[in-house]
Amino acid sequence: GENVEQHPSTLSVQEGDSAVIKCTYSDSASNYFPWYKQELGKRPQLIIDIRSNVGEKKDQRIAVTLNKTAKHFSLHITETQPEDSAVYFCAASIGGATNKLIFGTGTLLAVQP
Amino acid sequence: NAGVMQNPRHLVRRRGQEARLRCSPMKGHSHVYWYRQLPEEGLKFMVYLQKENIIDESGMPKERFSAEFPKEGPSILRIQQVVRGDSAAYFCASSPPVPGMGRTGAGYTFGSGTRLTVV
């Protein structure tokens, strides 16, 4: 079945360093790839997304890259800050329709001050 | 725009009782999705609905679970005869017809979730 794998499951960085989270997907028809941030006890919130006709997208300190051939996409956070600490989820649309998302298992990012 | 509204925020049920979780989508959103999140785990897809239609229920357990999104009113996720293993956070999300089209942030919007505890 459709699957999204996410690594690492936990990531600890020093404040100011960069953090990279990687995901792979199995459905070659996937064409929409959002990233969500979830703080403890709160709702997942969309932080950035990318569609399959774009290889890279950047929004201030956050960037996402997509390699369709390899079915990889990654989240890059530069100049990390303690408030970036949260669980990050990647997701991929399924079946060529962007209406259904399958999520990765999450990465717990801890930014040490 | 009030966002996606879920209620109740917390729900405690005894084994064997029924749980009803409600979700009102964002204004202008016609698609609703339910996800289950176990402690320290990811979001597991359960069901995708449009008004009066179940589009995809491939993630729903075959028994005891049902979902609806009537013409009027919120979407309801119903769990009959709850068991301890049903304890989880249940998140609802809504989207316009094609999430991701247009400006960033036009994709899924999640509600605050309902935390179900079965005792």
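Keep in mind that this is a model prediction, so the values were computed, not measured. Atom set for the values below is all heavy atoms of this structure, side chains included, hydrogens, waters and symmetry mates excluded.
With Y108(B) contributing its side chain and P34(A) its backbone, the two residues share no donor-acceptor pair below 3.5 Å.
Pairs of residues two or more places apart, or lying in two chains, that qualify as salt bridge (charged side-chain N to carboxylate O under 4.0 Å, His left out) and include a residue from residues 62-75 of chain B are R64(B)-D86(B).
Taking a 6.0 Å sphere around CD of Q81(B), one finds it holds 12 or fewer heavy atoms contributed by other residues, nucleotides or ligands. R61(A) CZ: more than 12 foreign heavy atoms inside a 6.0 Å radius. Within a 6.0 Å radius of CD in E83(A), other residues, nucleotides and ligands contribute more than 12 heavy atoms. Within a 6.0 Å sphere centred on CE of M5(B), other residues, nucleotides and ligands contribute 12 heavy atoms or fewer.
One hydrophobic cluster, built from ILVMFWY side chains closer than 4.5 Å, holds both F89(A) and Y25(A). Connection of Y33(B) to L77(B) is not established within any shared hydrophobic cluster, with ILVMFWY side chains joined at heavy-atom distances below 4.5 Å, either directly or through further cluster members.
Only the side chain of Q37(B) has a heavy atom closer than 4.5 Å to any heavy atom of chain A. Residue contact with chain B, scored on non-hydrogen atoms closer than 4.5 Å, involves the side chain of Q38(A) exclusively. Looking at Y36(A), the atoms closer than 4.5 Å to chain B (heavy atoms on both sides) all sit in the side chain, from C-beta outward.
Side-chain contact between P44(A) and F91(B) is present, with heavy atoms from C-beta onward closer than 4.5 Å.
Atom-to-atom distance recorded for K100(A):NZ and S95(B):OG is 13.5 Å, nearest 0.5 angstrom.
Proximity to chain B at a heavy-atom threshold of 4.5 Å picks out nothing from residues 8-19 of chain A. Among the residues in residues 103-113 of chain A, those with a non-hydrogen atom closer than 4.5 angstrom to a non-hydrogen atom of chain B are F103(A), G104(A), T105(A). For residues 44-56 of chain B, the interface with chain A (any heavy-atom pair closer than 4.5 Å) comprises F45(B), Y48(B), D56(B), sorted by residue number.
R43(A) and S112(B) make their closest contact through NH2-OG, 2.6 Å (heavy atoms, listed as atom of the first residue, atom of the second, distance).
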